[in-house]
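Step one of this worksheet: look at the structure below.
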Amino acid sequence: MDEIIIKGGRSLSGEVVVGGAKNAALPILTASILAKGKFTFHNVPKLRDIDSIMELLSTMGADVDCDGHTVHIDTTGMNHYEAPYEQVRKMRASILVLGPLLARMKKAKVSLPGGCAIGARPIDLHLNGLSLLGADIKLEHGYVEAACKQLKGAEIYFDIPTVTGTENLMMAAVLATGTTVLRNAAREPEIIALADVLIQMGANITGAGTAVITINGVKKLKPVTATIIPDRIEAGTLMVAAALTQGDVKIKNCDPIHLKSIIHKLEKAGARVQVFKKSVRVKGQKTINSIDLKTMPYPGFPTDMQAQFMVLMSVANGFSVISENIFENRFIHVSELCRMGTDITISGSHAMIKGVVQLSGAPVMATDLRASASLILAGLAAKGTTTVSRVYHLDRGYESLEKKLAGLGAAIKRVSVKKKT
Ligand code: EPU
């Protein structure tokens, strides 16, 4: 098991390059199920979650090969339609195979993902949508079993905008007969990225990126070569690192349009942000202003940046309030942050944060992906040494974060430790 050790107090400076977006790559890789043939995807990040989805596609009979950040998938021989529990429990985004499997094979058997550290995370909206498209759905022995003769276009209204739900339905509807309209759809950049790849494959989709997406079913799709968009959450995490350490960092290969809510809040907190075409430069200031924020579906402030901003607020001047409106249990990082000297009180979905002058390094444990990023950020700002254990959570969604931060001057390293008995 690896740990990350950080000696805090250094100001970050220099340039850093953002990798491909995990949450765009996952649905795009599963979209390959929809057509027989050879796909090539560039700028795919090297992450545990990406390994999980590639493994799942291989289990289903696809030929998957990874060469650096390029992934080749040949789906010609795909013949299995099951995503087993052992694989889905590693990564709940495995549910993204459900829509494409139904569309191509007319059958799917996918383990129910269950809850996770950040909340119950039901998939009722995915299932309701698929049954409106004509799928017969049974829940048995911990599995979703879905079958259809042919999916048929339908009007689908989401009670809540769901990112993977919108993606699953979009992928199911592209090969359905007739027209599907998704209302109150999620508007995240990753939805547009998936729609762009599906359109390149021959799908007929309009409105991706708005709350109403219209899909006219087509008979057949073809394999393509595509490039994954930059990861806005990795970019945002690096931006907070710069602001937090009073640093001066240029974050390259990002899309500033996707970062608007993050830029807005960083500027309110007092950081100077310069926006270029494909990069942003963040200069942190000595005084960090307290700010309030509410997590919301895109284009609102992303829940995936909440834990990182909480660290910034922990050393701000005064009180801040964070309201988490997406997941009911996404404050699990707070108890670990408090071990580093933060002053945070939780009341329901709100966190009251009183800024302190200095955090202090401590041994802490990562509990989920974004929580682990927040502990690393806290370690950069703290006095003394912070050791973050269980960094396999970090490796699910950040590629070599410690190397990128070290390249900016942070005193940070990864060590392998033997399992304590
Ligand atoms: N929801 C339902 N029923 C459903 C689906 C969702 O009630 O059938 C609820 C969820 O419980 C949640 C809300 O709707 O309260 C929104 O959840 P959503 O479905 O949008 O989340 P997701 O698709 O499971 C994706 C990202 C998450 C990110 C959220 C919110 C991927 C693979 N995952 O999850 O990313 O936090 O959207 O933006 O795209 C991460 O990268 O760390 C991560 C957790």
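Only this structure's heavy atoms are used, side chains among them; waters, hydrogens and symmetry mates stay out.
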Margin query: I need the Phe301 CZ to Ile326 CD1 distance, nearest 0.5 Å.
Written below: 11.5 Å
Notebook entry, point to check: Under the 6.0 Å and 45° cation-pi test, does Lys260 pair with Tyr298?
Noted result: no
Check: Quick one: NE2 on His80 to NZ on Lys109, what's the gap to the nearest 0.5 Å?
Finding: 13.0 Å
Next item on the list: Decide whether Glu399 and His69 meet the rule of one side-chain donor and one side-chain acceptor closer than 3.5 Å.
Entry: yes
Note to self: Once rounded to the nearest 0.5 Å, what's the spacing between atom OG1 of Thr367 and atom CD of Glu336?
What the structure shows: 7.0 Å
Check: Do NZ/NE/NH1/NH2 and the carboxylate oxygens of Arg414 and Asp395 come within less than 4.0 Å?
Finding: yes
Check: Does a salt bridge link Asp65 with Lys38, judged by any charged N lying under 4.0 Å from a carboxylate O?
Finding: no
Checklist line | Glu167 (side chain) donor-acceptor with Met170 (main chain) under 3.5 angstrom | finding: no
Check: Got a sec, which residues hit side chain to side chain donor-acceptor pair (under 3.5 Å) with Thr287, two or more places apart in sequence or on another chain?
Finding: none
Item checked: Pairing of Arg330 and Glu324 as salt bridge, 4.0 angstrom limit -> no
Note to self: Test of understanding: with side chain to side chain donor-acceptor pair (under 3.5 Å), list the residues that count as partners of Thr386, not counting sequence neighbours.
What the structure shows: none
Note to self: To the nearest 0.5 Å, what is the distance between CE on Met365 and OG1 on Thr387?
What the structure shows: 13.5 Å
Next item on the list: Report the distance from atom CE of Met54 to atom CD1 of Ile73, rounding to the nearest 0.5 Å.
Entry: 8.0 Å
Next item on the list: Please determine if Arg183 and Glu155 form a salt bridge, counting it only when a charged side-chain N lies under 4.0 Å from a carboxylate O.
Entry: yes
Notebook entry, point to check: Would you call Arg232 and Glu190 a salt bridge, using N to O less than 4.0 angstrom?
Noted result: yes
Margin query: Quick one about Ser111 and Arg89 (side-chain donor to acceptor, distance below 3.5 Å, no hydrogens or angles considered), yes or no?
Written below: no
Next item on the list: To the nearest 0.5 Å, tell me how far Ile53 CD1 sits from Leu96 CG.
Entry: 6.0 Å
Notebook entry, point to check: Are Thr70 and His42 linked by a side-chain donor-acceptor pair shorter than 3.5 Å?
Noted result: yes
Check: Thr295 side chain to Asn325 main-chain N or O, any donor-acceptor pair under 3.5 Å?
Finding: yes
Notebook entry, point to check: Hey, does the side chain of Asp231 reach the backbone of Lys22 with a donor-acceptor pair shorter than 3.5 angstrom?
Noted result: yes
